[in-house]
Every structure is written in structure tokens, then in C-alpha cells.
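What you see is a predicted model; the values in this text were computed from it and never measured.
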Amino acid sequence: MFAAERRQLILEMVRANGAVSLRELARVVQTSEVTVRRDVRALEAEGLLDRRHGGAVLPGGFTRESGFPQKSHLATAEKTAIADLAAGLVEEGEAIVVGAGTTTQELARRLARVPGLTVVTNSLLVAQALAHANRVEVVMTGGTLRGSNYALVGSGAEQSLQGLRVSKAFLSGSGLTAERGLSTSNMLSASVDRALVQAAAEVVVLADHSKLGTDTMFQTVPTDVITRLVTDESPAHDDRAATELQALADQGVQIAVAGSSGGGAVNGSGTPGASGGESVARQQRRDVPLPGPRRQVPGAAAGLRSATALGEQNGGAERARVADLRRR
């Protein structure tokens, strides 16, 4: 294929999908990622697309959201690896929430083997993947069906999540940065994802390397609320992805890298691999305030007990003084 033909095909893929990874572009045009990177750089110079960490997006700063047919064919190997690793975070008998997305759909297929699980979701695709699983209970939110990603959104979905409490939330999105956290291109989807986060004690984000450094319109999960990121191993030459991972780790996010040779962790330099299966990100993990009812004030209970005891002591002294006056 001539360079002009390659670039035309690359441009058509980006226009159709909104965002495409270099790995996927190289696979479709049947050439190396090095060659694709040169093509993307040339197209960017002409103002036809923008480069992002490990991929290319439509020009204009914020990518538009792709529909399910386009997303389902993107980064399939990466999504499979991420889902395999994320499934290991779920234990028998847990109650979790799983958001909408093609990566979370892959996760749901693996969760079908976890007995005693309760899964709350607004995704028809997640529910379908678990429909015939033995000993797995699926709870659907209410809401209005959004056909582009087969998800229930709107006030009905958000209200059905009020008062819910689960151990973990598994979410995906359109982009992830250390500065803003997880984001998506659709306002209704972002609002439901925020409600899912409010229901969970821990938040696990599933995002392949092409989403690292990509920022989209609506923030769903701030970085300081993300407990863990499960991602895939980015290409060795992608220094910007490694920098973004390290920035996330520096803010307390635990990083798990699928397909890495070092136990699925990120070491101090932000590259895959760490001794003993532990990561610097985990060792440096700090407790962060979580939204809604999960916020706790350290020492509040002890302070309340002290105040109560002091009140009882003062009250007892006052009653003794009154009794003494009456005797006089």
C-alpha cells in the first residue's frame, strides 16, 4: 500500500471512530507502528487529525464518543487482557457495580464464573453477558435506554442507585488523565457513572493505554477518588503513556498492568514490572476522601465520646451541688 493510500485509510478510520490506537491502525493498514506514527504525524501537520498518547483522534481537542459498533472492534486484545486481570480483583460473594462499556462487557463475561456474586449495572451488554451465569444475581438500574452504547441513563437510573452500597465499582470511559481523572464525551453517561461511584467503597477504572492522556468533556471520576487503574502494557517507545501512569501513581492510584512481565505493577520509573508483585504505586497509596456518605472524619467518634463523658461529669457535679443546697 502506498503512503497516500495508507494515510487516506487512517484518516477514514479516525473520522469513523473518533479515536483509534496506533496498534489498531497498524493492524488494519498492515504495516509497523513506526510507519503509522510517521503517517499520523504527517496528517497532523495538515490539520486533519490530532496525535494522542498511543493513537490519533479527531482534531479539536476533545474527542467525540464512538458508537458501540466502532468501539467493539478497537483494541480487542488489550480489552481482553485488562478484563482477565480485573476479574481477579472480584471475590466470591461480593456485591459490585459495573458501568457501561466494551471493556466492562469483557469483564462481565469473566465474572460469570464467580459464584455468589451480585452485580448492579446500567448496561444491557453487561447484563446480557451475565444472564445465564449460575449463582450470579444481576440487578438492573432503571432509566432511559441510550442506544449508542446500550446503557440506561437519566434520572431514573440515578435515583435507582440512591442508598446503594457495594464493595467495588468497575468503570470505563473515553479518556483518563492524572489532572482530571476519568472522563467521557456524553453528559448523561457521566452523570450515571458519578452515581455508580457514590455507591462503591472502591473505584476501579479499566482503560487501555490509548486512553491515557486523553481528556474529554465531562469528568466522571476525579483522580483522588480512583482506587486502582487496570490498563495494558503500552509500547516501549510511548514515553508519554509511561509519564501519565507515573503521574497517576504519584497521586495515590494503584496501577495494575495487564500483560507485563513483572506481576502487573508499575515500578518507580512508571514502567511495567516490580519485584514481589508489589508496585511503588501500591506502597505509596494514600487514603483519599471518597465522595458522598463514604467520607469519614478521623477521630470524630472518639471526640464525641469524650464530649459525652465530659457532659455527664459536669451534669453529675451540678446535681450534687443542688442536693447540697436543698439540705441546707
Side-chain angles (χ1 to χ4, degrees), residues 18 62-72 79 83 86 89-90 94-109 111-112 114 117-133 136-176 180-207 211 216-222 225-227 230 290-295:
F62 297 102
T63 61
R64 66 176 178 85
E65 185 179 34
S66 305
F68 172 76
Q70 292 82 20
K71 288 182 178 180
S72 62
K79 292 172 184 177
L89 302 175
V90 181
E94 270 195 291
I96 62 174
V97 294
V98 179
T102 52
T103 310
T104 52
Q105 180 189 22
E106 287 295 325
L107 171 64
R109 289 173 177 149
L111 295 180
V114 182
L117 194 64
T118 300
V119 178
V120 181
T121 184
N122 69 318
S123 169
L124 299 186
L125 299 175
V126 169
Q128 183 184 39
L130 295 168
H132 300 292
V136 176
E137 182 179 3
V138 179
V139 179
M140 294 289 298
T141 68
T144 302
L145 177 62
R146 185 166 179 260
S148 61
N149 64 347
Y150 299 94
L152 298 172
V153 297
S155 59
E158 295 170 37
Q159 290 172 9
S160 67
L161 293 166
Q162 292 180 2
L164 181 70
R165 176 66 61 223
V166 297
S167 59
K168 297 181 182 76
F170 291 86
L171 299 175
S172 187
S174 301
L176 177 65
R180 288 186 72 219
L182 188 68
S183 61
T184 187
S185 303
N186 182 265
M187 181 174 63
L188 294 175
S189 296
S191 187
V192 174
D193 281 353
R194 285 192 287 267
L196 292 172
V197 168
Q198 291 282 347
E202 298 180 17
V203 179
V204 182
V205 170
L206 312 181
K211 295 179 180 178
T216 51
M217 289 185 68
F218 301 98
Q219 183 191 58
T220 56
V221 190
V225 176
I226 299 173
T227 307
V230 183
L290 299 177
R294 289 182 289 169
R295 291 190 180 274

Which atoms form the tightest heavy-atom contact between [X] and [Y], and what is the distance?
X: L161; Y: A195; result: CD1-CB, 3.7 Å
X: F218; Y: R180; result: C-NH2, 4.1 Å
X: V119; Y: L117; result: CG2-CD2, 3.7 Å
X: S185; Y: S174; result: N-OG, 3.7 Å

Walk me through it: do V97 and T121 pass the test side chain to side chain contact (heavy atoms under 4.5 Å, CB included)? CA-CA 6 Å; V97 294; T121 184; over 6 Å; no
Apply side-chain hydrogen bond (donor to acceptor under 3.5 Å, both in side chains) to the pair S183 and T216, showing each step before the final yes or no. CA-CA 6 Å; S183 61; T216 51; 2.6 Å; yes
Take V136 and V114 through the test side chain to side chain contact (heavy atoms under 4.5 Å, CB included) and record every step on the way to the result. CA-CA 7 Å; V136 176; V114 182; 5.6 Å; no
Under the side-chain contact (heavy atoms from CB on, under 4.5 Å) test, residues paired with [X] that sit two or more places apart:
X: T220; value: L182, T184, A190, D193
X: T104; value: V98, V126, S172, L206
X: N122; value: A100, T141, A151, L152, V192, L196
X: T118; value: A95, E137, V139

Can you check side chain to side chain contact (heavy atoms under 4.5 Å, CB included) on V204 and L171, steps first, answer last? CA-CA 6 Å; V204 182; L171 299 175; over 6 Å; no
Counterpart residues, side-chain hydrogen bond (donor to acceptor under 3.5 Å, both in side chains), relative to Q219 (two or more places apart):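 None.
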Please enumerate all residues that pass side-chain hydrogen bond (donor to acceptor under 3.5 Å, both in side chains) together with S160, with sequence neighbours excluded. none
Between T227 and V203, is there a donor-acceptor pair closer than 3.5 Å when you use the side chain of the first and the backbone of the second? yes
Side-chain heavy atoms of P222 within contact of V225, under 4.5 Å: yes
Can you sort out the partners of R194 under salt bridge (charged side-chain N to carboxylate O under 4.0 Å, His left out), two or more places apart, ordered by chain and number?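 Once residues adjacent in sequence are excluded, R194 has no partner under the salt bridge (charged side-chain N to carboxylate O under 4.0 Å, His left out) criterion.
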Under the salt bridge (charged side-chain N to carboxylate O under 4.0 Å, His left out) rule, collect the residues that match up with E94, sequence neighbours excluded. K168
Residue pair F170, V90: steps toward the side chain to side chain contact (heavy atoms under 4.5 Å, CB included) verdict: CA-CA 10 Å; F170 291 86; V90 181; 3.5 Å; yes
Have T102 and K79 got a donor and an acceptor in their side chains that come within less than 3.5 Å? yes
Distance, nearest 0.5 Å, that separates OG of S167 from CD1 of I96: 7.0 Å
